[in-house]
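The next block holds one structure in the form of structure tokens; read it before the comments.
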Number of protein chains: 2
Amino acid sequence: MPEKVTIADVARHAGVSRQTVSNVLNTPEVVREETRRRVLDAVEELGYRVNQAARQMRTGRSRLIATRIEPDRDGINGSVLDRFLHGLTESAARAGYRVLLYTADDDTAEIATFADLLGAYEPDAFVLTGTHHGDIRTSWLLDRGMPFVTFGRPWGVPDGTPHAWVDVDGAAGTAAATRHLLDAGHRRIGFLGWPAGSGVGDDRREGWARTLRAAGVDPAGLDRATSDGVDDGEAAARELLESDDPATALVCVSDSLALGALHTVRSPGAAAPAEHRAGPPVAVIGFDDTPVAKAVGITSLSQPLAEAAASCVTLLTRLLDGDSRPSGSSGDPHPHVLLQPSLVVRRSG
Amino acid sequence: MPEKVTIADVARHAGVSRQTVSNVLNTPEVVREETRRRVLDAVEELGYRVNQAARQMRTGRSRLIATRIEPDRDGINGSVLDRFLHGLTESAARAGYRVLLYTADDDTAEIATFADLLGAYEPDAFVLTGTHHGDIRTSWLLDRGMPFVTFGRPWGVPDGTPHAWVDVDGAAGTAAATRHLLDAGHRRIGFLGWPAGSGVGDDRREGWARTLRAAGVDPAGLDRATSDGVDDGEAAARELLESDDPATALVCVSDSLALGALHTVRSPGAAAPAEHRAGPPVAVIGFDDTPVAKAVGITSLSQPLAEAAASCVTLLTRLLDGDSRPSGSSGDPHPHVLLQPSLVVRRSG
DNA sequence: TTGAAAGCGCTAACAC
DNA sequence: GTGTTAGCGCTTTCAA
């Protein structure tokens, strides 16, 4: 165990009082230049580091940000949150915070963990992922005045933004994908999505539909809703490709569905009826640019996850430091950031 | 912010002194049954939780386990550590610990982070991943007597185990894969591996070679070493499949290489010379059972990651609690756990 | 078995 | 600009 160096050691070494050391660390501008230098040298020399626990007891701030690590549901899309988590850890560290992990199987369990954590480790803030309609987690935190940011919009909340959030513009993503396909000459562009009701899924569907309409194509009958499995995508794609007026390209709400679609497209004989087969291959575009998309060569929409994480930390620090400012002086109390995904073009489209 | 409930509140509510509450929490056996009940009720009623910071100041234990989150190098194999991390968070929570995250670009940076963390948050232990020959991180921690466990063996350390570790038996995995292929009638089973020198890679190669030899097949000329890219795997597989006496099956050190190999195998015309084409398709087995393997249908070796994480926590708690025991009474000071991977059979082999 | 006192390392207030 | 004092919430002596 490294010898414990306290503020008293530094004070003694620098020939000042303990308080002066504390001042140098927390309010340097109040200390004379020369004294500060001396103290800083002592800090360096002794390898001193403020003890969080002691500081926390005094200030009530733990410099800890808590977030949930997901159980990696389907394996394919799971990697998105892992990348976000990595970015969060990095950005947080840069801002002087550390990330504390927890797991929870559902919202109720997550709220129980909030209470647990707040009683014990007292994280300064939470970062929530996977927001959805009627999210009880946000209201719980809001009720208690706990600072937090969500990665994901507050879906289905009528007016105003009840809290700070960061999100990626899914509709803009699928719109870009659809436009890309239109530019390539496709007209009948289908959509493989999730059942209506999920904020993220509906948003992504909307981007596709809107773009198709703008190009004078009626999206009716061109989309299928299904759960997020590779097999589901395969089946849904088959429906769209075997209809009387088959789609020639597919925009998918996820890489899982895109992979399934690709199976259909590439499987000999399963695709469009014979008279339509002559044309170019059916294009497929996924969402999230997961390792699977990379490996299999699926064109996909990439989310700027490191940037999203950095934005979360920025909003959070603003929230935490803004706390002390007179209310109303720190601008928008519930700022948000909407980032744009980018299309990564590969063989599939 | 939830109202802060302290031990004093509980004491008042239960009509006892503060110490009695502390005793109930820390050494329940020393308190009279009835008093304990009363205190526990008060705890429940008030929603009291011990404050970590205060406890830590007193005891010096933070109940924090620090570990690194990886930058998800190639995307395919990255998911392994994410799954481990999830398991670690879960197991740690069960044991009353939380996981603190950090990032580091290399061993030196990681050691700097150790020092940082130890000075500030004082984690009780570290969990290290990705051990390798001449790992300077372990010696640093060893020198300072910091408790830690590695997920990965201490490679290249001559005798004894210098520290607690958990690992998955890679050689046993590739041996099982090879045996599986032998049972299917294959004889010329190739190996796609990493360049010699990596502990993990060499171990996995050894399992393959050993099993082949036991079956009377000379492994010479049947293996290729390459870096861990899909394209690398594709090229290396081509070499092995286009030789005069081509391999009919391939065991791969990773799913990335297996995916590349599969590209070669499935690409029409690129595989074996014409006279050999008649036989069954070339089998391919990967390692790590990543989402990509699942999605593409690659037979692969699955690591019991949740179990590995749980083992890490078990060893750690033993280490941390054993501290107080008289030395020598707690059995093996550097225990280790070697887990077996399991073969997940899919279309590719 | 329970209570009183001390102090972990730090910082906010105030005095010098 | 610098030093003194007090106390955050807890546990660890020690005494009752």
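A, B, ... follow the sequence lines: proteins, then strands. Residue 1 opens every chain.
For the ring pair (Phe, Tyr, Trp, His ring centres under 6.0 Å) condition, no pair includes a residue of residues 14-59 of chain B, sequence neighbours left out. Within the structure, salt bridge (charged side-chain N to carboxylate O under 4.0 Å, His left out) pairs that include any residue of residues 120-134 of chain A comprise Glu122(A)-Lys4(B) (at least two apart or interchain). Pairs of residues two or more places apart, or lying in two chains, that qualify as salt bridge (charged side-chain N to carboxylate O under 4.0 Å, His left out) and include a residue from residues 5-26 of chain B are Asp9(B)-Arg12(B).
Near-neighbour residues of DNA chain D inside residues 31-38 of chain A, defined by a heavy atom below 4.0 Å, number-ordered: Val31(A), Arg32(A), Thr35(A).
A search for salt bridge (charged side-chain N to carboxylate O under 4.0 Å, His left out) contacts involving Glu44(B) returns nothing, not counting sequence neighbours. Listed by chain and residue number, nothing satisfies the ring pair (Phe, Tyr, Trp, His ring centres under 6.0 Å) test with Tyr102(B) (two or more places apart in sequence, or in another chain). Taking the side-chain hydrogen bond (donor to acceptor under 3.5 Å, both in side chains) definition, one finds that Thr131(A) meets it with nothing, sequence neighbours left out. The salt bridge (charged side-chain N to carboxylate O under 4.0 Å, His left out) check on Arg63(A) picks up nothing, with sequence neighbours excluded. Residues that satisfy the salt bridge (charged side-chain N to carboxylate O under 4.0 Å, His left out) test with Arg58(A), not counting sequence neighbours, are absent from this structure.
Bounding nucleotides for the chain A contact on DNA chain C, 5' to 3', at a heavy-atom distance below 4.0 Å, are dG9(C) to dA13(C).
Looking at Arg68(B) and Glu70(B), a side-chain N of the basic residue comes within less than 4.0 Å of a carboxylate O on the acidic one, giving a salt bridge.
A ring-centre distance under 6.0 Å is found for Phe114(B) and Trp140(B).
When the local axes at the two ends of the helix from dT1(C)-dA16(D) to dC16(C)-dG1(D) are compared, using 5 base pairs at each end, they differ in direction by 40° after rounding to 10°.
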Q: Classify every nucleotide of nucleotides 10-16 of chain D by which part a protein heavy atom approaches to under 4.0 Å, writing B for the base, S for the sugar-phosphate alone and - for neither, in 5'-to-3' order.
A: BBB----

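For the residue pair Thr314(B)/Ser311(B), the side-chain donor-acceptor check at 3.5 Å is not satisfied. Residues Asp321(A) and Thr317(A) have side chains that never bring a donor and an acceptor to within less than 3.5 angstrom of each other.
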